[in-house]
Amino acid sequence: MMSLALFYAFCCLGCTAVNDLLFKFFARKPRSRGLFVTTVGLAGTVLFSFLPDKIGENWQLTLFWGVICGIFSAVGNIMLIESMATLSAGVCSTVYRLNLALVVPLSVVIFKEKLHWQQYLGIIFALAAVLAFLPSGNADKKENGKKRFLPVIMIITACIFRAGLGIACKYGPEAGASKNGINLIIEIIWIISGLLYWLLMERKHCKFDLKVVKYGLSSGVLVAGILFFMVLALSVGSASVVLPIAQMSFLATFILSVIFLHEKITFWKGTALVCGCAAMLLLTC
């Protein structure tokens with residue numbers, strides 16, 4: 001079962017890495033984040049509507065946990081996209097994955113999961129990898145000519161909400177909610193959240209753009225894959241192992257950002273890559 005959980009976790013990692021890069025491409029220009037999120041939700045809703053058993057044994061539980069997960073997911077991703085308008089893809093993706101520092105202790109406390117010494121060491125290397133990326137954020141600030149406080153607050157908020165999503169996606173199905181139902185409701189919450197964000201924050205200055213639809217549909221398929229594989233991995237594996245592996249997607253995002261966005265490779269980024277690889281090996285022991 002653990003090998004299957006690891007397979008699902010790495011599938012989730014791949015979808016996340018490509019989607020983070022797509023978020024950065026989208027955020028480089030002043031397009032509507034709200035309409036983009038709504039389009040992502042529409043695409044995901046269509047995909048998940050074909051899956052069986054969307055209600056489960058208790059529809060109230062499925063609805064409750066679906067809404068909780070949906071709020072964590074939608075708000076966290078809106079904040080991630082907004083922060084990417086200013087900060088680099090590598091920095092945003094890395095700080096966003098800091099949520100594993102919250103997820104692992106919470107999974108041990110809430111789910112009474114036990115860790116082996118290799119996994120403890122893997123968590124230390126994972127945190128070291130994340131922290132090693134942070135100095136590159138200073139370079140971004142110097143290039144922009146001034147510190148940008150709001151994007152940093154946004155990415156930290158996104159990090160916290162992402163941790164909440166991971167725990168809720170683990171606890172909801174264990175409490176009796178339908179995994180497929182939770183995923184479907186998450187996508188519906190994306191639709192609602194995106195529309196609200198557009199109406200409240202963007203309606204006056206962001207108009208409809210066909211590229212928003214193109215980006216949204218592409219990201220919708222990837223987000224559906226992220227949710228689908230994450231829930232599958234958590235259903236057969238330990239949250240304290242599955243979630244940290246899935247969160248290491250920032251390593252792949254970094255490589256993709258170097259290739260497609262021409263972001264610079266620094267000493268700290270190289271250190272982060274080495275630590276991240278060590279973490280993956282130790283967490284899969």
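- Distance alone, capped at 3.5 Å, is enough to place a donor-acceptor pair between the S49 side chain and the V46 backbone.
- To the nearest 0.5 Å, the span separating OG on S93 from CD1 on I155 amounts to 8.0 Å.
- Taking hydrophobic clusters as Ile, Leu, Val, Met, Phe, Trp and Tyr residues chained together by side-chain heavy-atom distances below 4.5 Å, M84 shares a cluster with I259.
- The shortest non-hydrogen separation linking R31 to F25 is NH1-O, 3.8 Å.
- Checked against ring pair (Phe, Tyr, Trp, His ring centres under 6.0 Å), Y197 has no partners two or more places apart in sequence or in another chain.
- Rounding to the nearest 0.5 angstrom, the gap separating the CD1 atom in I188 from the CZ atom in F48 is 11.5 Å.
- The shortest side-chain heavy-atom distance between I186 and N183 falls under the 4.5 Å cut-off.
- Counting all heavy atoms, side chain and backbone alike, L13 lies closest to S249 at O-CB, 3.4 Å.
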Criterion side-chain contact (heavy atoms from CB on, under 4.5 Å) on T38 and W198, from CA distance to verdict: CA-CA 9 Å; T38 294; W198 178 75; over 6 Å; no

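- Using a 4.5 Å heavy-atom cutoff, the side chains of P173 and L234 are not in contact.
- Put simply, the side chain of L165 does not reach to within 4.5 Å of the side chain of I68, judged on heavy atoms.
- Linking ILVMFWY side-chain heavy atoms closer than 4.5 Å, directly or via other members, places Y96 and I226 in two distinct hydrophobic clusters.
- Summarising the geometry, atom CG belonging to L4 is positioned 8.0 Å from atom OG belonging to S235; distances are rounded to the nearest 0.5 Å.
- Rounding to the nearest 0.5 Å gives a distance of 12.0 Å between CD of E82 and CG of N77.
- The heavy-atom pair separating A224 from G44 by the smallest distance is CB-CA, 4.4 Å.
- Of all heavy-atom pairs spanning L227 and E187, the tightest one is CD1-OE2, 3.5 Å.
- Using modelled atom types and a 3.5 Å distance limit, the side chains of S73 and W190 yield a donor-acceptor pair.
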Evaluation steps, side-chain contact (heavy atoms from CB on, under 4.5 Å), between N19 and C15: CA-CA 6 Å; N19 192 59; C15 290; over 6 Å; no

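- When the shell of 6.0 Å around NZ of K179 is examined, it contains 12 or fewer heavy atoms from other residues, nucleotides or ligands.
- Residues L261 and L251 fall within the same hydrophobic cluster, defined by Ile, Leu, Val, Met, Phe, Trp and Tyr side chains chained together at heavy-atom separations under 4.5 Å.
- Counting heavy-atom neighbours within 6.0 Å of L217 CG, excluding the residue itself, gives a total above 12.
- Judged purely by atom type and a 3.5 angstrom limit, S83 uses its side chain to pair as donor or acceptor with the backbone of L80.
- Under the 4.5 angstrom side-chain criterion for Ile, Leu, Val, Met, Phe, Trp and Tyr, the cluster partners of L47 are V221.
- Clustering of Ile, Leu, Val, Met, Phe, Trp and Tyr by side-chain heavy atoms under 4.5 Å joins I124 with none of the others.
- Placement of M154 and L200 within a single hydrophobic cluster is found when ILVMFWY residues are connected by side-chain heavy-atom separations under 4.5 Å, directly or transitively.
- Summarising the geometry, atom CE belonging to M230 is positioned 14.0 Å from atom SG belonging to C11; distances are rounded to the nearest 0.5 Å.
- Among all heavy-atom pairs drawn from D53 and N180, the shortest one is O-CB, 3.8 Å.
- Note on residues 51-86: pairs passing ring pair (Phe, Tyr, Trp, His ring centres under 6.0 Å), not counting sequence neighbours, are W65-Y171, F72-F161.
- When the options I55, I185, V67 are evaluated for a side-chain contact (heavy atoms from CB on, under 4.5 Å) with T62, the one that passes is I185.
- Rounding to the nearest 0.5 Å places CZ of R203 at 11.5 Å from CG of L35.
- There is a path of hydrophobic side-chain contacts, each under 4.5 Å, that joins V40 to I189.
- Under a 4.5 Å side-chain heavy-atom cut-off, the cluster of Ile, Leu, Val, Met, Phe, Trp and Tyr residues that includes L195 is completed by L42, I191.
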Stepwise side-chain contact (heavy atoms from CB on, under 4.5 Å) check, L256 with T253: CA-CA 5 Å; L256 292 174; T253 300; 5.7 Å; no

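- Residues K24 and R28 share a closest heavy-atom pair of O-CG, 3.0 Å.
- Residue pairs meeting the ring pair (Phe, Tyr, Trp, His ring centres under 6.0 Å) criterion with at least one partner in residues 213-237, sequence neighbours excluded, are F26-Y215.
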